[in-house]
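Report on one structure; see the data block that follows.
Note that this is a predicted model, so its numbers are computed, not measured.
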Amino acid sequence: MTEEHHLKDRPNHASGTIEIAGKSVHRLGFGAMRLVGPGVWGEPADRGPLIQLVRRVVELGVDFIDTASVYGPHVSEEIIRDALYPYPEHVLITTKGGQTQSGPGAYATLGRPEYLRQECVLSLRRLGVDHIDLYQLHQVDPAVPFEDQIGELKKLKDEGKIGAIGLNEVTVEQVAAARRIVEIASVQNQYSVTQRHHEDVLEYCTREGLPFISWFPLDIGALAGPGGPLDDLAARIGATPAQVALAWLLARAENVMPIPGTSSTAHAEENIAAATVRLSPEQIAQLDALAVTRP
């Protein structure tokens, strides 16, 4: 098979690779938050199409799938198991603990050690594994000593229940503090062409060689609307605004891993095709100037 035909079948292989949690995975991942009902709550109308969606993204070369126990709750993990178990050896499934959800969009942070342990054990059960390659702290709980939250994850790692530890929505100071307790494998913060309030965290991770997972990478708003700068650039290069935004992230730094999520197979195919989009230095500079960071 020629490289051209290979990329046609698995376009995500054009995104390049990154080492994370002991595996080499391609740099465009899949966020599984939207595999559930409205408001990230409850069951979807039909699991069948979503199971097919997960299988399709893997067919297209995605080998990093990000979920969390709170998505549903629990539903996203169950759908991933239904779609992929027994999991292909090259696919890394990562999940998270440290949040609760009491209704659509009603999230609360809970980082008590006993809760983190419970969530990890239940994720193991739902995913059907005895070891999670990468387990992430979903959010730091300000009501619980930080060292207790990280310390419990270290215990789970020492026990073999998880292989590596990741952090979500953290500051540079929190990453550095966690690394004094245990090795940290990844950092996941919101980051996009318009949302760059974690620029300092990305720069730290780049210097330190830590994978930086970008969640909500398609927060592009009005910039993608008709006549907007993303729309104009996309039209010039024969892409979509979403593909341009993802291509910019892939070009931003070699340690950046966007994880766009969707419940639509067509949208997933469009997102993954962004791995083959190449931006010129001038186009990258144009996008660099578009940041519209909001609190």
Side-chain angles (χ1 to χ4, degrees), residues 3-4 6-18 25-34 53 56-66 187-203 205-206 211-294:
E3 181 178 1
E4 179 180 353
H6 179 74
L7 292 179
K8 182 178 179 181
D9 291 338
R10 293 182 174 84
N12 195 40
H13 287 191
S15 66
T17 59
I18 189 170
V25 295
H26 291 90
R27 288 179 53 218
L28 193 58
F30 178 74
M33 184 178 73
R34 299 186 183 279
L53 164 61
R56 180 60 177 155
V57 300
V58 172
E59 287 176 357
L60 294 173
V62 170
D63 43 24
F64 183 91
I65 297 176
D66 176 275
V187 172
Q188 181 176 158
N189 282 6
Q190 183 182 6
Y191 192 82
S192 68
V193 69
T194 62
Q195 288 285 346
R196 304 187 209 171
H197 51 287
H198 288 302
E199 194 77 49
D200 60 335
V201 181
L202 171 55
E203 291 175 354
C205 290
T206 303
F212 181 92
I213 303 166
S214 161
W215 69 268
F216 203 3
L218 293 178
D219 182 14
I220 52 182
L223 297 180
L230 283 176
D231 183 57
D232 286 346
L233 177 53
R236 291 201 304 272
I237 66 175
T240 68
Q243 289 172 339
V244 170
L246 292 171
W248 177 83
L249 282 167
L250 291 171
R252 174 63 182 81
E254 292 184 354
N255 64 317
V256 173
M257 176 187 289
I259 52 167
T262 180
S263 59
S264 161
T265 297
H267 287 164
E269 292 172 345
E270 175 188 322
N271 291 341
I272 294 166
T276 64
V277 174
R278 293 293 177 263
L279 302 174
S280 70
E282 294 76 18
Q283 291 164 343
I284 292 170
Q286 177 186 347
L287 296 174
D288 287 345
L290 293 182
V292 186
T293 300
R294 301 182 293 274

The side chain to side chain donor-acceptor pair (under 3.5 Å) partners of H198 (sequence neighbours excluded) come to E169, N189
Taking the side chain as every heavy atom from C-beta outward, state whether M257 and F64 have any atom pair closer than 4.5 Å.
yes
E270 side chain vs Q243 backbone, donor-acceptor pair below 3.5 Å
no
Can you tell which of V187, V256, D200, I213 makes a side chain to side chain contact (heavy atoms under 4.5 Å, CB included) with C205?
V187
Any salt bridge (Lys or Arg N to Asp or Glu O under 4.0 Å) pairs touching residues 235-258, not counting sequence neighbours?
E199-R252
Answer whether the closest heavy-atom distance between the side chains of P258 and L250 falls below 4.5 Å.
yes
Not counting sequence neighbours, which residues clear ring-ring contact (aromatic ring centres under 6.0 Å, His included) with F212? List them please.
Y191
Taking atom CG of L287 and atom CG of L223, what is their separation to the nearest 0.5 Å?
9.5 Å
Please give me the minimum heavy-atom distance between P226 and D231, naming the atom from each residue.
CA-OD2, 3.5 Å
Closest heavy-atom pair, S192 versus P217, reported as atoms and distance to 0.1 Å, is CB-O, 3.4 Å
Is a side-chain N or O of R27 found less than 3.5 angstrom from the main chain of I18, in a donor-acceptor match?
no
Validation row: N271, V57 side chains within 4.5 angstrom (heavy atoms):
no
Between G227 and D232 the two heavy atoms that sit nearest each other are O-OD2, 3.3 Å
According to side chain to side chain donor-acceptor pair (under 3.5 Å), who are the partners of N255, at least two apart in sequence or on a separate chain?
T206
Which pairs, with at least one residue in residues 56-66 and sequence neighbours excluded, count as a side chain to side chain donor-acceptor pair (under 3.5 Å)?
H26-D63, R56-E59, R56-E269, D66-K96, D66-Q136, D66-Q188
How many angstroms lie between atom OG1 of T240 and atom CG of L230, to the nearest 0.5 angstrom?
9.5 Å
Locate the shortest heavy-atom distance separating A275 from P11; write the atom from each residue and the value.
CB-O, 3.5 Å
All side chain to side chain donor-acceptor pair (under 3.5 Å) counterparts of S214, not counting sequence neighbours:
none
Please answer whether the main-chain N or O of S280 pairs with a side-chain N or O of Q283 as donor and acceptor at a distance below 3.5 Å.
yes
Do D288 and W248 touch side chain to side chain, with heavy atoms closer than 4.5 Å?
yes
Rounded to the nearest 0.5 Å, what separates atom CZ in R10 from atom OG in S15?
13.5 Å
From H197 atom NE2 to L202 atom CG, the distance as rounded to the nearest 0.5 Å
12.0 Å
Side-chain heavy-atom pair L249, L28 within 4.5 angstrom cut-off:
no
What's the separation between atom NE2 in H267 and atom OG1 in T265, rounded to the nearest 0.5 Å?
10.5 Å
Can you name the nearest heavy-atom pair linking L60 to D9, along with the distance?
CD2-O, 3.7 Å
Side chains of I272 and F30: closer than 4.5 Å at any heavy-atom pair?
no
For residues T262 and L218, determine if any side-chain heavy atom of one lies less than 4.5 Å from a side-chain heavy atom of the other.
no
Could you report the tightest heavy-atom contact between A274 and L246, atom names first, then the distance?
CB-CB, 3.7 Å
